[in-house]
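This structure is a prediction, so every number in the text was calculated from the model and none was measured.
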Amino acid sequence: MNLQRAYRLLAVFYTLLLLIGVIALLAGGGTALAMVHLVVGGLGVLGLWGYFLGLGFMGPRMWRPLAVALAVGAVVQLVALLSISLDGITLTWMLTSAVFAALMAVLLYHYGDRDQAHWATPDELAAGRRLETLLEEQPRLAAKKREEGREDTAQVVKAGSEYRASVTRRRNGQQESFEERFRHPATLVYFLEKFTDLSVDDFNRADPA
């Protein structure tokens with residue numbers, strides 16, 4: 001069994017758990033807390049399928065806060081297990097819930113990492129491929145754009161499987177410089193377009209050194 005198939009089976013397992021919870025809620029009426037668990041669980045399952053299938057659902061910003069909430073919930077349940085006397089059924093249920101919530105939290109935290117191809121737009125993916133082609137021919141690229149009252153300069157380097165961008169921005173006499181690293185060229189394109197006025201078309205093949 002390869003890793004991708006194992007991931008999909010895990011997503012199927014979590015989906016079945018969610019469906020069992022829905023059936024139990026419909027059969028017994030349930031509580032408001034159970035409804036909250038199902039809603040959060042449904043979002044988590046959606047994120048797992050997106051992660052395992054390489055699809056971007058609902059934007060990257062929501063998944064890491066959800067992962068943190070799941071992790072906190074798992075810790076709270078584990079603390080309750082150690083501090084409160086519970087019957088065997090409740091003990092088993094809470095322990096199982098905490099373990100599976102913790103595993104889901106880890107996976108959703110990775111899913112929420114912006115530096116992945118499934119969060120890129122088609123234009124960013126296409127620009128990332130063009131940038132990657134340029135870097136294969138010239139391992140260091142430079143670009144500069146100057147407009148009234150502002151100037152953006154960027155140097156891009158590929159080191160192994162990593163992309164490094166050094167950016168200098170000048171705005172009305174003030175200057176700031178920073179460097180970021182990325183695993184995917186499409187994410188680098190997103191970074192440049194968000195924090196500078198530069199695009200892939202602004203890069204040339206001359207070594208800036």
Side-chain angles (χ1 to χ4, degrees), residues 1-26 30-84 86 90-125 128 161-165 180-195:
M1 179 184 296
N2 59 36
L3 185 60
Q4 189 66 23
R5 184 178 180 186
Y7 279 156
R8 293 189 181 187
L9 288 176
L10 182 61
V12 170
F13 175 73
Y14 273 102
T15 303
L16 291 176
L17 286 181
L18 179 65
L19 292 176
I20 291 171
V22 171
I23 293 172
L25 184 64
L26 294 175
T31 64
L33 184 59
M35 287 289 294
V36 172
H37 285 164
L38 286 176
V39 171
V40 174
L43 287 174
V45 168
L46 179 65
L48 290 181
W49 278 111
Y51 183 36
F52 299 151
L53 296 177
L55 302 173
F57 292 142
M58 303 174 69
R61 293 184 178 180
M62 72 161 290
W63 296 110
R64 285 194 164 180
L66 179 60
V68 171
L70 287 171
V72 171
V75 171
V76 170
Q77 290 187 83
L78 290 175
V79 171
L81 289 174
L82 296 174
S83 58
I84 301 175
L86 301 169
T90 304
L91 181 67
T92 301
W93 176 258
M94 289 188 65
L95 181 59
T96 303
S97 175
V99 170
F100 284 114
L103 177 58
M104 181 180 283
V106 172
L107 295 173
L108 292 180
Y109 189 84
H110 287 291
Y111 181 53
D113 182 2
R114 181 63 176 80
D115 191 11
Q116 298 181 87
H118 56 251
W119 295 122
T121 65
D123 288 342
E124 289 167 354
L125 290 172
S161 60
E162 186 178 71
Y163 300 87
R164 301 176 186 175
E180 294 290 342
R181 301 182 181 188
F182 306 95
R183 296 188 305 274
H184 298 276
T187 315
L188 172 55
V189 171
Y190 166 82
F191 166 78
L192 292 171
E193 293 179 349
K194 182 176 179 63
F195 293 101

Charged N to carboxylate O under 4.0 angstrom, Arg114 versus Glu124? yes

I need the minimum non-hydrogen distance between Ala186 and Ala120, along with the two atoms involved. CB-CB, 3.7 Å

Nearest heavy-atom approach of Ala105 to Ala71 is CB-N, 3.9 Å

With sequence neighbours left out, which residue pairs that include part of residues 104-113 fulfil the side chain to side chain donor-acceptor pair (under 3.5 Å) condition? Asp113-Arg183

Is there a side-chain contact between Leu53 and Arg8 (heavy atoms, below 4.5 Å)? yes

Side chain to side chain, Leu10 and Phe52, heavy atoms closer than 4.5 Å: yes

Specify the closest pair of heavy atoms between Leu70 and Ala101, including all atoms of both residues, with the distance to one decimal. CB-O, 4.0 Å

Report the residue from Phe191, Trp119, Tyr163 that forms a ring-ring contact (aromatic ring centres under 6.0 Å, His included) with Phe182. Phe191

What is the distance from atom CG of Leu43 to atom CG of Leu108, rounded to the nearest 0.5 Å? 9.5 Å

In terms of heavy-atom contacts, Gly44 and Leu66 come closest through N-CD2, 4.2 Å

When you measure from the side chain of Tyr14 to the backbone of Phe100, do you find a donor-acceptor pair of N or O atoms at a distance under 3.5 Å? yes

Where is the tightest heavy-atom contact between Leu125 and Ala117, given as atom of each residue plus distance? CD2-O, 3.9 Å

Would you indicate whether the side-chain heavy atoms of Met58 and Leu46 approach each other to under 4.5 Å? yes

Working to the nearest 0.5 angstrom, can you tell me the gap between Phe13 CZ and Leu16 CG? 8.0 Å

Any side-chain heavy atom of Met104 sitting closer than 4.5 Å to one from Leu48? yes

Between the CG atom in Leu192 and the CD atom in Glu180, the distance rounded to the nearest 0.5 Å is 10.5 Å

Pairs touching residues 50-74 that satisfy side chain to side chain donor-acceptor pair (under 3.5 Å), sequence neighbours left out: none

With distance as the sole test, does Asp115 use its side chain to make a donor-acceptor pair with the main-chain N or O of His184 at under 3.5 Å? yes

Contacts of Thr15 meeting side chain to side chain donor-acceptor pair (under 3.5 Å) (sequence neighbours excluded), chain-then-number -> Trp49

